[in-house]
Protein chains: 2
Amino acid sequence: MATTPAVTPAFQMIKDFLLREIQAGTWKEGDAVPSEAALAQQFNVSRMTVNRAVRELTSEQILNRIQGSGTYVAQQKYQATLVAIKSIAEEVRARGHEHRSELHELSSIEANESLAEKFQVNAGHILFHSVIVHFENEIAIQVEDRWVNSALAQDYLTQNFISKTPNEYLMEVAPLQGVDYSIEAVMAPKSIADMLHISSKDACLVLHRKTRSQNQIATIVTMWHPGTRYQFTGSF
Amino acid sequence: MATTPAVTPAFQMIKDFLLREIQAGTWKEGDAVPSEAALAQQFNVSRMTVNRAVRELTSEQILNRIQGSGTYVAQQKYQATLVAIKSIAEEVRARGHEHRSELHELSSIEANESLAEKFQVNAGHILFHSVIVHFENEIAIQVEDRWVNSALAQDYLTQNFISKTPNEYLMEVAPLQGVDYSIEAVMAPKSIADMLHISSKDACLVLHRKTRSQNQIATIVTMWHPGTRYQFTGSF
DNA sequence: GAGTGGTCTAGACCACAAT
DNA sequence: TTGTGGTCTAGACCACTCC
């Protein structure tokens, strides 16, 4: 399944190259990437081959092209879909509000059977666990209960989650491959209700999310939101 | 050769042609469309130009290509994203369960100011209103409270919503242009709780959705789900 | 005017499917 | 073996942007 074809087409190699360099930060959002002519020379292929690579990346919204001007790295697409990979801190700040977080737990633990199964690792595999409460203008809006695969984020424990959220840190060290999620409404358990400063009879909007990176399960997160003051929105 | 002063590029004309013929039913799902060589001859263009048209339609999931075999019309595929435009009936049946619905209200009404604003129409504009409860294996899973723009679905009131859900009907008469949605968790109001056969203290997962079609607001729907037995899931 | 992307050609060789 | 798609070339002309 994961076997690479014996021969990768030239246009694909160019796409891979561009994606790699963008990921590596060689060109940042808004920067111009090399012209078709330059890439054609660099890869020793015809311009049409480069054109295909760049055109496809453009249709994938990785690049923007402006005729007569050049090709540029597109703005990172704020996850179009509902389940924002975008950090909650960013979201709050985007609304012009103040974001603050409280770290309630940060630990390392050997996976028991249940966790090991969820992460598709062996029992005993080291996992990191953090519990953080996020505030918007001093009002609690999210409890983030996160499990992290140590194989993908060795120094998770030494992070300072007050200035940089786990999301922001993990996006850096483990490029996202895919996401599974589910959303449900439940009554808040006492522990969660306390952290959110709501009654345990109140409805919570709960987002479960599992992210994959480098063909492993990277994180499993449960986010609890007070139903009365939080909602997911989106459009397409 | 004679450079075409084409306002529309040749590859785009070929895409349009194929889309039109598929829409018209010339080729149905699974049917083979003409080969690249045949299209090149028909449009008097080079094979590469046809290739681009067909390749793009393939990446748009309109067509499937099988090397050595041919190009085929793909299966119509519905919204992959979370907020399924897919009807709940279809979803339930896909799980191998029985779907049943109860019509609790079906009426025509002149928009008051609030509704008129939401629909971006004048006050007094005719709107249709339906309230339907959906059951999965005789367990209530959704209350669907729907407002419909009469301009886009004149015969909404004469539909038999037991055999065909509003969703299914509307998808036919008003091709979807876009969707806005939000999801929240709330305590069930008494009227909703009764229809779902839950306690009014229970958490409900509520999906608000506004669809656009033909540059108008087509429908505004609120879907109430018992939090304990319903969740949204997805991946990307 | 130089540089960029947008499009197109008329061939070519290959891998794969159907026969 | 024939027909199909998959890829690629080495040019070309055009529209547009930027200097």
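Every chain is numbered from 1 and lettered A, B, ... according to where its sequence line falls, protein lines coming before strand lines.
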Next item on the list: Report the residues that fulfil side-chain contact (heavy atoms from CB on, under 4.5 Å) with A:E110, sequence neighbours left out, ordered by chain and then residue number.
Entry: A:I126
Next item on the list: Look at A:T49 and D:dT9 and indicate whether a side-chain polar atom (N or O) is within less than 4.0 Å of OP1 or OP2.
Entry: yes
Note to self: Using heavy-atom distances to pick each residue's nearest nucleotide on DNA chain D, tell me which of A:V45 and A:I66 is more 5'.
What the structure shows: A:V45
Next item on the list: Would you kindly give the CG-to-P distance between A:L39 and D:dC8, to the nearest whole Å?
Entry: 14 Å
Check: Within the pair A:S46 and D:dT9, is there a side-chain N or O less than 4.0 Å away from OP1 or OP2?
Finding: yes
Margin query: For A:A32, give me all partners under side-chain contact (heavy atoms from CB on, under 4.5 Å), at least two apart in sequence or on another chain.
Written below: A:Y72
Next item on the list: Could you note down all residue pairs passing salt bridge (charged side-chain N to carboxylate O under 4.0 Å, His left out) where residues 33-47 of chain A supplies at least one of them, sequence neighbours left out?
Entry: A:E36-A:R47, A:E36-A:R65
Checklist line | Taking every non-hydrogen atom, the tightest pair across B:S101 and B:F135 | finding: CA-CD1, 4.5 Å
Next item on the list: Report the nucleotide, chosen from C:dA17, C:dT7, D:dG5, that has the shortest atom-to-atom distance to any side-chain atom of B:S35.
Entry: D:dG5
Next item on the list: Write down the atom of A:F119, the atom of A:W147, and the distance for their closest heavy-atom approach.
Entry: CZ-O, 3.5 Å
Next item on the list: Assess whether atom CD of A:E117 is packed by more than 12 heavy atoms of other residues, nucleotides or ligands within 6.0 Å.
Entry: no
Next item on the list: May I have the distance from B:F11 (atom CZ) to C:dC8 (atom C1'), rounded to whole angstrom?
Entry: 11 Å
Please write out the pairs of protein N or O atoms and N or O atoms of nucleotides 12-15 of chain C separated by less than 3.5 Å, giving the distance to one decimal.
from   : atom 1 : to    : atom 2 : distance (Å)
C:dA12 : N6     : B:R47 : NH1    : 3.3
C:dA15 : N3     : B:Q67 : OE1    : 2.8

Margin query: Less than 4.0 angstrom between a side-chain N/O of A:R65 and OP1 or OP2 of C:dG6, yes or no?
Written below: yes
Margin query: Taking the nucleotide of DNA chain D with the nearest heavy atom to each, does B:V33 or A:Q12 sit closer to the 5' end?
Written below: B:V33
Notebook entry, point to check: Would you say D:dC8 has OP1 or OP2 under 4.0 Å from some side-chain N or O of A:R52?
Noted result: no
Next item on the list: Specify the separation, in whole Å, of atom CZ of A:F43 and atom C1' of D:dC8.
Entry: 15 Å
Notebook entry, point to check: To the nearest Å, how far apart are B:N64 CG and C:dA17 P?
Noted result: 15 Å
Check: A:I14 CD1 to C:dG5 C1': how many Å, rounded?
Finding: 15 Å
Check: Where the side chain of B:N51 is defined as all heavy atoms beyond and including C-beta, which of D:dC18, C:dC8, D:dG6 is the nearest nucleotide?
Finding: D:dG6
Checklist line | Whether A:H225 side chain and A:L205 backbone form a donor-acceptor pair below 3.5 Å | finding: yes
Note to self: Please enumerate all residues that pass ring pair (Phe, Tyr, Trp, His ring centres under 6.0 Å) together with A:H125, with sequence neighbours excluded.
What the structure shows: none
Next item on the list: Decide, yes or no, whether a salt bridge links A:R209 with A:E144 under the criterion of side-chain N to carboxylate O below 4.0 Å.
Entry: no
Check: Between D:dG5 and B:T71, is there an OP1 or OP2 to side-chain N/O distance shorter than 4.0 Å?
Finding: yes
Next item on the list: To the nearest 10°, let me know how far the axis at one end of the helix from C:dG1-D:dC18 to C:dA18-D:dT1 is tilted from the axis at the other, five pairs an end.
Entry: 0°
Check: In whole Å, what is the span from the CD atom of B:E56 to the C1' atom of D:dG5?
Finding: 16 Å
Next item on the list: Let me know the distance between CE of A:M48 and P of C:dT4, rounded to the nearest Å.
Entry: 18 Å
Item checked: Atom-pair distance (CD on A:E36; C1' on D:dA10), nearest Å -> 14 Å
Item checked: Closest non-hydrogen atom pair, B:I217 against B:K118 -> CG1-O, 3.9 Å
